[in-house]
Amino acid sequence: METKSFAQRLQEASLPRYSQLPTLELYKDQLVELTNGYLSPFFLGETAVTDTMVNNYVKLKVIVPPVKKRYRREQLAQLILTCLLKKVLSIAEVRQLLAVQNRDGSIEAGYDYFCQQMEQAVRTVGGNGLWQPSEGDSTPQEALLNHAICSFVHKLYFEMILAELSDGVE
């Protein structure tokens, strides 16, 4: 029963666009709380991020270090992408992907593209379709991001269906 509500929540889920992220600087506990709130529809009863994870992502240079213990929306966007993509990519791969995305475009444009593609993929796969991004019109960076999104969404639905079929089976 919980899985159906998860599927329904997932179909209605949306990610905040860059312009909707807070412009105020955040302390780590605020960053974690906000990120978990944004990502709760995408996690099947799991916590997306903890304080310790944020520390590790900063140490591993996945997200930019805070300035005077405060995080900006650039770091919030990086954290949202990291939390979603870490389900299918290693942290080193997430770091490389973010570096490639940031090298050739603005963080804002890349983040908003990711959000739009993620939502489209979730709805398509949830409607029992096979989401395949159109490769013809996209840049190599967009194609790379689309493949990561495709992997994430298919894994997400795999986990949801497996949980439903395994209910009560050890």
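Note: hydrogens, waters and symmetry copies are ignored here, and every other heavy atom, side chains too, is used. Throughout, residue positions are numbered sequentially from 1 according to the sequence presented.
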Between [X] and [Y], which heavy-atom pair has the shortest distance, and what is it?
{"X": "Leu21", "Y": "Arg73", "answer": "O-NH1, 3.7 Å"}
{"X": "Phe152", "Y": "Lys87", "answer": "CE1-CD, 3.5 Å"}
{"X": "Ser40", "Y": "Gly37", "answer": "OG-O, 3.3 Å"}
{"X": "Thr35", "Y": "Cys83", "answer": "CG2-SG, 4.1 Å"}
{"X": "Arg95", "Y": "Leu60", "answer": "NH1-O, 2.9 Å"}
{"X": "Leu145", "Y": "Gly110", "answer": "CD2-O, 4.2 Å"}

Side chain [X], main chain [Y], donor-acceptor under 3.5 Å:
{"X": "Glu93", "Y": "Ser90", "result": "yes"}
{"X": "Glu108", "Y": "Ser19", "result": "no"}
{"X": "Glu25", "Y": "Arg72", "result": "no"}
{"X": "Glu159", "Y": "Leu156", "result": "no"}
{"X": "Gln20", "Y": "Arg17", "result": "yes"}
{"X": "Glu119", "Y": "Leu15", "result": "yes"}
{"X": "Gln117", "Y": "Ile149", "result": "no"}
{"X": "Asn36", "Y": "Ala48", "result": "yes"}

Which is it for Asn146 and Tyr113 under the side-chain contact (heavy atoms from CB on, under 4.5 Å) test, yes or no, and what are the steps along the way? CA-CA 10 Å; Asn146 286 337; Tyr113 176 82; 2.8 Å; yes
Just so I know, are the side chains of Val62 and Gln78 near enough to count as touching, which here means a heavy-atom distance under 4.5 Å? no
Atom [atom1] in [X], atom [atom2] in [Y]: separation rounded to 0.5 Å?
{"X": "Leu76", "Y": "Leu34", "atom1": "CG", "atom2": "CG", "answer": "5.5 Å"}
{"X": "Leu98", "Y": "Lys61", "atom1": "CG", "atom2": "NZ", "answer": "15.0 Å"}
{"X": "Tyr27", "Y": "Lys68", "atom1": "OH", "atom2": "NZ", "answer": "10.5 Å"}
{"X": "Gln120", "Y": "Cys115", "atom1": "CD", "atom2": "SG", "answer": "13.0 Å"}
{"X": "Arg70", "Y": "Gln30", "atom1": "CZ", "atom2": "CD", "answer": "9.0 Å"}
{"X": "Ile63", "Y": "Thr82", "atom1": "CD1", "atom2": "OG1", "answer": "7.0 Å"}

Stepwise, does the side-chain contact (heavy atoms from CB on, under 4.5 Å) test hold for Lys86 with Tyr57? CA-CA 11 Å; Lys86 73 178 181 179; Tyr57 298 154; 3.1 Å; yes
Give a yes or no on whether Glu46 atom CD has more than 12 heavy-atom contacts from other residues, nucleotides or ligands under 6.0 Å away. yes
Before you tell me yes or no, could you show the steps for Lys155 and Ser151 under side-chain contact (heavy atoms from CB on, under 4.5 Å), namely the whole-Å CA-CA distance, both residues' side-chain angles and the distance that decides it to 0.1 Å? CA-CA 6 Å; Lys155 183 173 185 350; Ser151 297; over 6 Å; no
Any chance you could lay out the side-chain contact (heavy atoms from CB on, under 4.5 Å) test for Asn55 and Lys28, step after step, and finish with the verdict? CA-CA 9 Å; Asn55 290 340; Lys28 189 185 334 173; 2.5 Å; yes
Consider only side-chain heavy atoms of I, L, V, M, F, W and Y, link residues closer than 4.5 Å, and tell whether Val64 and Leu79 are in one cluster. no
Measure up the Tyr111 and Tyr18 rings against each other and bin them: parallel (under 30°), tilted (30 to 60°), perpendicular (over 60°). perpendicular
